[in-house]
Each structure stands twice: as C-alpha cells, then as structure tokens.
Amino acid sequence: MIIGSGYSYLQEWLPNVAQHVLRNGMADSVGFGRMVLSYPTMPADMIAGRSLTRNLICRTFSDCTTAPRNGLVSGCYPLDPLYKKLPEAEQLKAIKETL
Ligand code: SF4
C-alpha cells in the first residue's frame with residue numbers, strides 16, 4: 001500500500017494532483033496532513049464537487065509545527081479562529097520573532 005504524502009504544499013492544486021496520481025496508479029491513497037488542521041472539510045468538498053473555500057486552504061506557514069517544537073500545542077494559528085484566540089498565539093509570535 002502506497003500512501004502519498006506532502007500534498008498540503010500543493011495548496012489549491014492538491015485535489016487535481018491527487019486525482020491524477022490516483023487515476024494513474026502512482027499511489028493507492030493520498031494522505032492529508034496539515035491541511036486537515038486548517039480545512040478539515042476539504043475532502044468532503046472535493047468528493048461533493050464543491051468549489052474549495054480559499055481562506056481555509058493551508059498556506060504552509062508551519063505554525064502548526066513550530067508551536068510543538070517549542071512546547072506549545074499544535075494547531076493552525078494563522079487560519080483557525082480557535083487557535084488565533086489562544087494565549088499560545090502570542091507566545092508563538094514572540095518565539096518566531098527570535099528565529
Ligand atoms: S499553521 Fe500553517 S502550515 Fe499549519 S495548517 Fe495552518 S496554514 Fe497550514
């Protein structure tokens with residue numbers, strides 16, 4: 001079983017590339033990683049043939065990985081209102097200014 005990874009970096013092109021890969025037998029499945037943090041309903045939108053919601057598409061800012069590398073909870077701080085409001089958002093901002 002081959003599961004493709006790294007597709008979040010393709011942003012709005014994720015569905016098109018995933019479709020091509022699966023149709024041509026280049027992988028058995030396409031895994032969703034960080035995209036599910038910012039846009040958990042993307043697969044449902046794809047399957048239903050709906051247009052993507054642009055402001056939910058992961059833009060690979062990597063706050064979801066920078067935060068846990070610095071002892072903070074992971075989440076999509078730039079795009080998810082829940083994480084934007086957390087005190088950890090300010091902590092993360094301060095950490096990033098030192099990098
Ligand atoms: S924090 Fe950045 S990389 Fe992580 S899910 Fe949100 S937009 Fe994507």
Side-chain angles (χ1 to χ4, degrees):
M1 174 70 75
I2 303 293
I3 302 174
S5 65
Y7 285 70
S8 295
Y9 282 98
L10 300 169
Q11 302 184 21
E12 46 268 273
W13 298 107
L14 185 161
N16 304 80
V17 176
Q19 182 181 53
H20 178 82
V21 166
L22 295 176
R23 279 189 176 164
N24 290 283
M26 299 160 72
D28 300 300
S29 180
V30 168
F32 278 62
R34 58 182 72 193
M35 187 68 80
V36 296
L37 296 176
S38 67
Y39 193 172
T41 56
M42 181 189 243
D45 286 347
M46 291 164 57
I47 289 168
R50 292 187 288 265
S51 297
L52 298 181
T53 304
R54 285 186 56 83
N55 63 356
L56 295 179
I57 295 173
C58 170
R59 296 303 179 189
T60 66
F61 300 128
S62 293
D63 284 9
C64 55
T65 55
T66 302
R69 278 199 304 268
N70 289 278
L72 302 174
V73 65
S74 180
C76 186
Y77 290 89
L79 303 180
D80 187 328
L82 175 77
Y83 289 91
K84 276 184 188 176
K85 288 188 288 188
L86 290 179
E88 287 89 341
E90 284 304 314
Q91 289 177 264
L92 179 59
K93 194 174 171 185
I95 290 167
K96 287 169 62 179
E97 286 173 2
T98 67
L99 299 177

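Remember, it's a predicted structure, so these values are computed and weren't measured experimentally.
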Query raised in the report: Is there a side-chain contact between Ser74 and Leu37 (heavy atoms, below 4.5 Å)?
Result: yes
Query - Exercise: do Arg34 and Ser62 side chains pair donor with acceptor under 3.5 Å - result: yes
Query raised in the report: Taking atom OG of Ser51 and atom CG of Asp45, what is their separation to the nearest 0.5 Å?
Result: 8.5 Å
Query raised in the report: When clusters are formed by joining ILVMFWY residues with side-chain heavy atoms under 4.5 Å apart, either directly or through shared neighbours, do Met35 and Leu22 land in the same one?
Result: yes
Query raised in the report: Looking at residues at least two apart in the chain, or sitting in another chain, which of them share a ring-ring contact (aromatic ring centres under 6.0 Å, His included) with Phe32?
Result: none
Query - Test item: Asp28 side-chain N/O and Ile2 main-chain N/O as donor-acceptor pair under 3.5 Å - result: yes
Requested in this report: Examine Val17 and Met46 and state if one hydrophobic cluster contains both, with Ile, Leu, Val, Met, Phe, Trp and Tyr joined whenever side-chain heavy atoms are less than 4.5 Å apart.
Outcome: yes
Query raised in the report: Counting distance only, does the side-chain N/O of Ser38 pair as donor-acceptor with the main-chain N or O of Leu79 below 3.5 Å?
Result: no
Query raised in the report: Between Lys84 and Pro78, is there a donor-acceptor pair closer than 3.5 Å when you use the side chain of the first and the backbone of the second?
Result: yes
Query - Polar side-chain atom of Asp80 near backbone of Cys76 as donor-acceptor pair, under 3.5 Å - result: no
Requested in this report: Would you check if there is a donor-acceptor pair between the side chains of Asn24 and His20 at a distance under 3.5 Å?
Outcome: yes
Query raised in the report: Hey, does Ile57 have a side-chain heavy atom less than 4.5 Å from the side chain of Leu52?
Result: yes
Query raised in the report: When you look at CG of Leu82, are more than 12 heavy atoms from neighbouring residues, nucleotides or ligands closer to it than 6.0 Å?
Result: yes
**Report entry** Spacing of Arg50 atom CZ and Thr41 atom OG1 [to the nearest 0.5 Å]
**Finding:** 7.5 Å
Query - Intermediate values then yes/no, side-chain contact (heavy atoms from CB on, under 4.5 Å), Cys58 and Leu14 - result: CA-CA 10 Å; Cys58 170; Leu14 185 161; over 6 Å; no
Query raised in the report: Looking at residues at least two apart in the chain, or sitting in another chain, which of them share a ring-ring contact (aromatic ring centres under 6.0 Å, His included) with Tyr39?
Result: none
Query raised in the report: If you round to the nearest 0.5 Å, how far is CG of Leu56 from CE of Met42?
Result: 9.0 Å
Report, one line per pair, each donor and acceptor closer than 3.5 Å where one atom sits in a side chain of residues 91-98; sequence neighbours left out.
{"unit_1": "Lys96", "atom_1": "NZ", "unit_2": "Asp63", "atom_2": "OD1", "d": "2.7"}
{"unit_1": "Lys96", "atom_1": "NZ", "unit_2": "Asp63", "atom_2": "OD2", "d": "3.4"}
{"unit_1": "Thr98", "atom_1": "OG1", "unit_2": "Ile95", "atom_2": "O", "d": "2.6"}

